[in-house]
Asker: 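Submitted below is the structure of interest, expressed as structure tokens.
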Amino acid sequence: MSLDSLSQKGRSAEKTSVIDSSIKIIVQEEDFDLQKEYLQVLNKEAVSGAVVTFTGLVRDFNDGRNVTGLALEHYPGMTEKSLTDIAQEAAQRWKIEAITVIHRVGKLKLGDQIVLVAVASKHRGDAFSACEFIMDFLKTRAPFWKKETTDEGDIWIEAKVSDEEKASTW
Amino acid sequence: MLNILFFAQIREVLKCDSFEFETTPASLADLRKELSAKSELWSETLNTNAALAAVNQTIAGDDVVLKDGDEVAFFPPVTGG
């Protein structure tokens, strides 16, 4: 048995990616460039009429503590598998040309980007629905855990019942 | 033999991130029971709905059958995104 650290040997947050023709899944510490990802997701034989992107950022939960940042733990291997499964399900339910999901891990500061979901489709309805679906399932199935860093110590963020309820509406 | 992994609060409370479990219980439910027998702390932490499980990186219910060499992870409800 050994004590943990977020970046210990064998479970370090190296960049890992899964690219399956039109589905790109990346888990990494580094920040992402929204413009670059947008241009990549629509650059597929010019069939996309719509691109919907969602960016999630680190916010102050405003619950009285002086929050200085966030630490994101994950389960290497399962995160990519889970995100790929979710993206593939979205691609089966709606007519989608391409999906990109990028989720950061490691130490982040208030205001930093955490996650990107970009969906390209012929039509905006499919793009909006697929993007929302992917986020709802990412929040309830993908193995990431957030810990707030504050002046009074580090506090794990609790999962929300409302997220589970939202996912069940699909 | 199973490779057991713990994440987030569970990892911290049990002060363990992974270890090899020498036998292979028949099901996930049996594994929870055997791990809970280690101590009251292990029992409180693992023998609860708040401890989700994955077998070979897929979320698993207690009825899932285990085989030798499986990777089993226990973790709290996820909070990504």
Side-chain angles (χ1 to χ4, degrees), chain A residues 1-6 8-11 27 54-58 61 70-86 101-105 114-117 134-148 154-161 163-164 166-167, chain B residues 1-23 28 31-32 34-46 48-62 64 66-67 69-81:
Chain A
M1 298 196 199
S2 59
L3 291 175
D4 78 289
S5 76
L6 276 180
Q8 78 180 77
K9 210 153 83 123
R11 292 187 20 188
V27 177
F54 169 85
T55 314
L57 306 124
V58 180
F61 282 80
L70 206 62
L72 266 149
E73 183 172 338
H74 74 300
Y75 181 172
M78 187 176 171
T79 38
E80 295 81 351
K81 191 168 183 296
S82 166
L83 293 174
T84 302
D85 287 346
I86 294 167
V101 180
I102 302 178
H103 201 299
R104 294 177 67 193
V105 292
I114 303 173
V115 62
L116 167 71
V117 175
I134 291 168
M135 270 313 297
D136 285 350
F137 277 86
L138 182 162
K139 288 191 80 67
T140 52
R141 305 279 181 273
F144 297 96
W145 299 274
K146 289 175 178 158
K147 196 179 197 186
E148 252 181 359
D154 297 346
I155 298 157
W156 291 102
I157 285 172
E158 298 287 323
K160 298 207 300 243
V161 170
D163 284 337
E164 197 56 57
K166 179 66 169 61
Chain B
M1 161 129 12
L2 301 171
N3 188 23
I4 313 264
L5 307 177
F6 298 124
F7 290 92
Q9 295 95 310
I10 292 182
R11 176 177 52 70
E12 283 186 351
V13 164
L14 299 182
K15 294 187 171 32
C16 172
D17 65 349
S18 68
F19 73 105
E20 285 200 337
F21 191 72
E22 264 136 38
T23 59
L28 190 57
L31 175 64
R32 276 194 206 256
E34 290 193 37
L35 293 175
S36 297
K38 284 175 174 282
S39 79
E40 199 169 308
L41 179 65
W42 280 62
S43 178
E44 276 166 16
T45 305
L46 297 175
T48 156
N49 287 338
L52 304 179
V55 175
N56 299 328
Q57 305 186 354
T58 302
I59 295 267
D62 277 356
V64 164
L66 300 176
K67 347 179 275 305
D70 278 350
E71 176 172 292
V72 183
F74 292 94
F75 44 80
V78 303
T79 56

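The sequence lines fix the lettering, A, B, ..., with proteins before strands; numbering per chain opens at 1.
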Asker: Quick one: closest heavy-atom pair of A:H74 and B:F7, and the distance?
Answerer: O-CE2, 3.5 Å
Asker: Can you give me the closest heavy-atom contact between A:M78 and B:A54, atom names plus distance?
Answerer: SD-CB, 3.7 Å
Asker: Under a 3.5 Å threshold, yes or no: a donor from one side chain and an acceptor from the other, between A:K81 and B:T58?
Answerer: yes
Asker: So which of A:V101, A:D85, A:I157 has the biggest tally of heavy-atom pairs under 4.5 Å with chain B?
Answerer: A:I157
Asker: What part of A:E158 gets within 4.5 angstrom of chain B, counting heavy atoms only: side chain, backbone, both, or neither?
Answerer: both
Asker: Non-hydrogen atoms of chain B under 4.5 Å away: do they reach the side chain of A:R104, the backbone, both or neither?
Answerer: neither
Asker: Quick check: does any side chain N or O of A:W145 sit under 3.5 Å from a backbone N or O of B:P76, one acting as donor and the other as acceptor?
Answerer: yes
Asker: So, the side chain of A:H103 versus the backbone of B:G80: is there a donor-acceptor pair under 3.5 Å, distance only?
Answerer: no
Asker: Answer yes if the side chains of A:W156 and B:E12 hold a donor-acceptor pair under 3.5 Å, and no otherwise.
Answerer: yes
Asker: Nearest 0.5 Å please: distance from the CG atom of A:L72 over to the OG1 atom of B:T79.
Answerer: 7.5 Å
Asker: Under 30°, 30 to 60°, or over 60°: which ring-plane class applies to A:Y75 and B:F75, parallel, tilted or perpendicular?
Answerer: perpendicular
Asker: Less than 4.5 Å to any heavy atom of chain B: does that hold for the side chain of A:K147, its backbone, both, or neither?
Answerer: side chain
Asker: Is the backbone of B:V78 close enough, under 3.5 Å, to the side chain of A:K146 for a donor and an acceptor to pair up by distance?
Answerer: no
